[in-house]
Number of protein chains: 2
Amino acid sequence: MKTMNDNTADQTLCPVARAETVVGDRWTVLILRELFMRMHRFEEIQAQTGATPQMIAARLKKLEADGLVKRRVYNKRPLRHEYQLTKKGEAFYPVILALRAWGETWCKSPREGRAVNLTHLTCGKPAGLGPACESCGKPLHREDLVAERAPKYQREREARWEAFKANR
Amino acid sequence: MKTMNDNTADQTLCPVARAETVVGDRWTVLILRELFMRMHRFEEIQAQTGATPQMIAARLKKLEADGLVKRRVYNKRPLRHEYQLTKKGEAFYPVILALRAWGETWCKSPREGRAVNLTHLTCGKPAGLGPACESCGKPLHREDLVAERAPKYQREREARWEAFKANR
DNA sequence: GCTTGTGCCTATGAATTCCATAGTAACATG
DNA sequence: CATGTTACTATGGAATTCATAGGCACAAGC
């Protein structure tokens, strides 16, 4: 019995399949999450995702090649780069938001609270899980949102950073 | 230098990370896509995703274990199953929709048209890419949508099915 | 000027996963 | 009783992933 891998899958018209060739990977999505959280440095991303440096390096390289991420020099001598989202990368936000909504709703027990609470600047009230604002009903856009981490999640992230620094 | 893989990643409060442990895989997402397209049989999924039978079998098993998919007998003697989305699986639709929107917008040249056009039953007009209806502005829900495949995409899928049947 | 620290990776080898191909099981149909 | 249908399982090589270790280019402190 034969499979049908004459890579028709890569030439499909299906946008989901196209998207998945770019972001169909756990680490890639977690890296994008960090970039949306404004973590721009290699080590921060490494610490918060828990991936090995090669995984991060390879994914960042691919994300750059695919046009979602650009490198920016923040220090010459020694040469240091940081990673930023391009327009194409920023445009991925709705997917992250939808993934967050699904994860909060279906991958958690009720007693665990939200990791992040969003405030909708447009109306000044809590935005909820989207895609529309739970307070004013308008569709959510990243530029109108302020994220605040729950204390527990904040501590979790700080602990990861400390643990990372401690044993390197 | 050490990495930080005391699987804190699996115990995180982050909903995106939680979701990714379930759906952070190319094949898994493509299988879900097929289920949303109402393809319920193993071989249909296999033909349209281009994955090998083990990949499909393993992913379906995990999706069932994770509660996104349930198996239903559609024929005893010989015993045959089909795969259906549970509530948890159905709830994943916004992610697929967001992925579709991003893929259509950023992973295609303008000359290639949409693969699928959605009609918003609520207003009777084209729904666009979401998350809100481009015609009436209301948030899109799967139950209010009818999908029509573009002829080109329809042919692409038929061709894959024929090719699959031809050499099995 | 020599050691220690920082930031961003690369190297290596073992473990795991993936994938192409082939084959099986349990029947129905002619 | 031979062929077809549907849903898988088996096998072995290729590719990827992971844990651990190291390297390079500099800055800062002593």
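Quick note on labels: first sequence line is chain A, next is B, and so on, each numbered from 1.
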> Shortest non-hydrogen contact from A:Ala132 to B:Pro139?
Replying inline: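 Residues A:Ala132 and B:Pro139, closest heavy atoms: CB-CG, 4.2 Å.
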> Just checking, is any N or O donor in the side chain of A:Glu156 or B:Thr12 under 3.5 Å from an acceptor N or O on the other one?
Replying inline: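 Yes, because at least one side-chain N or O of A:Glu156 sits under 3.5 Å from a partner of the opposite role on B:Thr12.
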>> For the residue pair A:Glu34 / A:Thr49, report whether a side-chain donor-acceptor contact shorter than 3.5 Å exists.
In response: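 No donor-acceptor contact under 3.5 Å links the two side chains.
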> Taking B:Tyr74 as the fixed residue, which of B:His40, B:Arg41, B:Gln84 is the one that meets the side-chain hydrogen bond (donor to acceptor under 3.5 Å, both in side chains) rule?
Replying inline: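 Filter result, single survivor: B:Arg41.
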Measure from [atom1] on [X] to [atom2] on [N] and round the result to the nearest Å.
X: B:Gln46; N: D:dA7; atom1: CD; atom2: P; result: 10 Å
X: B:Lys165; N: D:dT5; atom1: NZ; atom2: C1'; result: 11 Å
X: A:Arg26; N: D:dT17; atom1: CZ; atom2: C1'; result: 12 Å
X: A:Leu30; N: D:dC18; atom1: CG; atom2: P; result: 11 Å

N-O pairing of [X] and [Y] below 4.0 Å:
X: B:Asp25; Y: A:Arg26; result: no
X: A:Glu64; Y: A:Lys70; result: no
X: A:Glu44; Y: A:Arg160; result: no
X: B:Glu90; Y: B:Arg142; result: yes

>> Tell me whether the side-chain N or O atoms of B:Gln54 pair up with the base of D:dT11 as donor and acceptor below 3.5 Å, since no angle test is needed here.
In response: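 Counting by modelled atom types and ignoring angles, a donor-acceptor contact under 3.5 Å is found here.
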>> Nearest to the side chain of B:Pro53, heavy atoms from C-beta on, is which of C:dA22, C:dC18, C:dG7?
In response: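 Closest nucleotide to the B:Pro53 side chain: C:dA22.
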>> I want to confirm an ordering. Mapping B:Glu82 and A:Asp25 to their closest nucleotides on DNA chain D, which one lands closer to the 5' end?
In response: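 Closer to the 5' end of DNA chain D: B:Glu82.
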> Using a heavy-atom distance cut-off of less than 4.0 Å, which residues of residues 55-79 of chain B contact DNA chain D?
Replying inline: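 Those residues are B:Ala57, B:Lys61, B:Arg71, B:Tyr74.
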> In residues 31-42 of chain A, which ones come under 4.0 Å of DNA chain D, going by heavy atoms?
Replying inline: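 Contacting residues: none.
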>> Can you list everything that forms a side chain to side chain contact (heavy atoms under 4.5 Å, CB included) with A:Glu104? Sequence neighbours excluded, please.
In response: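 Expected list: A:Arg100, A:Lys108, A:Arg114, A:Ala115, A:Leu129, B:Pro15.
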> Is the shortest side-chain N/O distance from A:Trp27 to OP1 or OP2 of D:dC18 below 4.0 Å?
Replying inline: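 For D:dC18, OP1 or OP2 has a side-chain N or O of A:Trp27 closer than 4.0 Å.
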> Is the phosphate of C:dG7, meaning OP1 or OP2, less than 4.0 Å from a side-chain N or O of A:Tyr83?
Replying inline: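 Looking at the OP1 and OP2 atoms of C:dG7, neither is under 4.0 Å from any side-chain N or O of A:Tyr83.
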